[in-house]
Amino acid sequence: MDYKVMVTEDAEQDLDQFIWYLLFEKCNEQAAGNLLDDFEKTVARLSQVAGSLKECENPHLKQLGYRRINFLNHRYFMLYRIEENIAIVDNIFHELQDYEDRMI
């Protein structure tokens with residue numbers, strides 16, 4: 001089953017912060033471009049596999065229906081939930097972030 005992927009404003013802001021960091025703190029346009037490419041590829045992959053990925057193990061996030069998909073080539077991931085045939089990406093995190101505390 002194919003899913004439509006909707007990226008919320010919060011998730012877009014998360015991605016913008018990571019891109020801003022790479023562009024202006026690290027002065028690395030190539031890394032920022034690679035991250036954007038990986039984001040787009042991960043969204044395309046999510047449209048194909050959204051329903052097959054397991055729910056988060058954190059009880060609160062699981063109760064809210066959150067699932068996680070890792071970026072294909074970077075240490076970032078998206079938290080999303082499914083409503084009908086739409087995968088709604090609510091947030092994007094780096095692996096080292098304490099995302100559970102932010103989501104609770």
Side-chain angles (χ1 to χ4, degrees):
M1 172 182 190
D2 281 350
Y3 292 83
K4 178 180 177 185
V5 177
M6 184 182 92
V7 180
T8 65
E9 187 174 321
D10 286 344
E12 287 177 359
Q13 289 176 358
D14 293 338
L15 182 63
D16 286 347
Q17 288 177 355
F18 296 128
I19 297 298
W20 186 92
Y21 174 78
L22 292 171
L23 285 173
F24 300 107
E25 293 290 323
K26 294 298 184 180
C27 299
N28 193 333
E29 288 182 38
Q30 183 176 0
N34 290 343
L35 180 58
L36 268 178
D37 289 343
D38 197 11
F39 166 76
E40 291 171 4
K41 290 176 185 173
T42 304
V43 166
R45 182 74 179 139
L46 180 60
S47 72
Q48 299 169 345
V49 301
S52 66
L53 300 178
K54 68 178 186 171
E55 292 182 334
C56 292
E57 292 182 17
N58 176 290
H60 179 71
L61 297 178
K62 185 175 186 170
Q63 180 183 10
L64 296 172
Y66 279 107
R67 300 168 189 245
R68 171 181 170 155
I69 185 168
N70 295 329
F71 277 40
L72 302 173
N73 298 305
H74 290 84
R75 296 178 64 190
Y76 297 88
F77 64 92
M78 300 177 204
L79 282 185
Y80 71 96
R81 55 196 160 83
I82 297 174
E83 291 184 9
E84 296 179 17
N85 66 333
I86 302 171
I88 303 166
V89 178
D90 284 322
N91 293 98
I92 300 172
F93 297 98
H94 187 275
E95 283 181 359
L96 298 177
Q97 286 181 278
D98 185 6
Y99 71 95
E100 290 177 337
D101 280 345
R102 182 172 161 195
M103 295 299 295
I104 295 176

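Proximity of Ile88 to Thr8: side-chain heavy atoms (C-beta onward) are separated by under 4.5 Å at one or more points. The shortest distance between side-chain heavy atoms of Leu53 and Ile69 falls below 4.5 Å. In this structure, Phe71 and Leu35 have side chains that are in contact, with non-hydrogen atoms separated by less than 4.5 Å. The shortest side-chain heavy-atom distance between Glu55 and Tyr66 does not fall under the 4.5 Å cut-off. Considering only heavy atoms from C-beta on, His94 comes within 4.5 Å of Arg75 through its side chain. Looking only at side-chain heavy atoms (C-beta outward), Met78 and Thr42 come within less than 4.5 Å of each other. Under the 4.5 Å side-chain criterion, counting only non-hydrogen atoms from C-beta, Leu64 is not in contact with Arg81. In this structure the side chain of Tyr80 reaches within 4.5 angstrom of the side chain of Val89, judged on heavy atoms.
Using a distance-only test at 3.5 Å, with no hydrogens or angles considered, a donor-acceptor pair links the side chain of Asp38 to the main chain of Leu72. The backbone N or O of Val5 lies less than 3.5 Å from no partner atom in the side chain of Ser47, so there is not a single donor-acceptor pair. His74 places no side-chain N or O within 3.5 Å of a backbone atom of Tyr76 that could act as its donor or acceptor partner. A side-chain donor-acceptor contact under 3.5 Å links Arg67 to the backbone of Gly51.
Applying the 6.0 Å contact sphere to CZ of Phe77 captures more than 12 heavy atoms from other residues, nucleotides or ligands. Heavy atoms of other residues, nucleotides or ligands lying less than 6.0 angstrom from CD of Glu40 number more than 12.
The shortest non-hydrogen separation linking Cys56 to Leu79 is SG-CD2, 3.7 Å.
The structure places CD of Glu12 at 10.0 Å from CG of Asp14, a figure rounded to the nearest 0.5 Å. How far CD1 of Ile82 is from CE of Met1: 8.5 Å, rounded to the nearest 0.5 Å. With rounding to the nearest 0.5 Å, the separation of CD1 in Ile92 from CG in Leu15 is 4.5 Å. Separation of atoms CZ (Phe18) and CD (Glu25) is listed at 13.5 Å; rounding is to 0.5 Å. Atom SG of residue Cys27 and atom OH of residue Tyr21 lie 10.5 Å apart, to the nearest 0.5 angstrom.
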Next item on the list: Report the C-alpha distance between Asp10 and Asn91 in whole Å, list the side-chain angles of each, state the deciding distance to 0.1 Å, and finish with yes or no for side chain to side chain donor-acceptor pair (under 3.5 Å).
Entry: CA-CA 6 Å; Asp10 286 344; Asn91 293 98; 5.0 Å; no

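Met6 and Leu46 sit in two unconnected hydrophobic clusters of ILVMFWY residues. Membership requires side-chain heavy atoms under 4.5 Å apart, directly or through other members. Hydrophobic clustering (ILVMFWY, side-chain heavy atoms < 4.5 Å, transitive): Phe93 and Phe39 are in distinct clusters. Hydrophobic clustering of Ile, Leu, Val, Met, Phe, Trp and Tyr side chains at less than 4.5 Å, counting indirect connections, unites Leu36 with Val43. In terms of hydrophobic clustering, with Ile, Leu, Val, Met, Phe, Trp and Tyr side chains grouped at heavy-atom distances under 4.5 Å, Leu96 and Tyr99 are assigned to different clusters.
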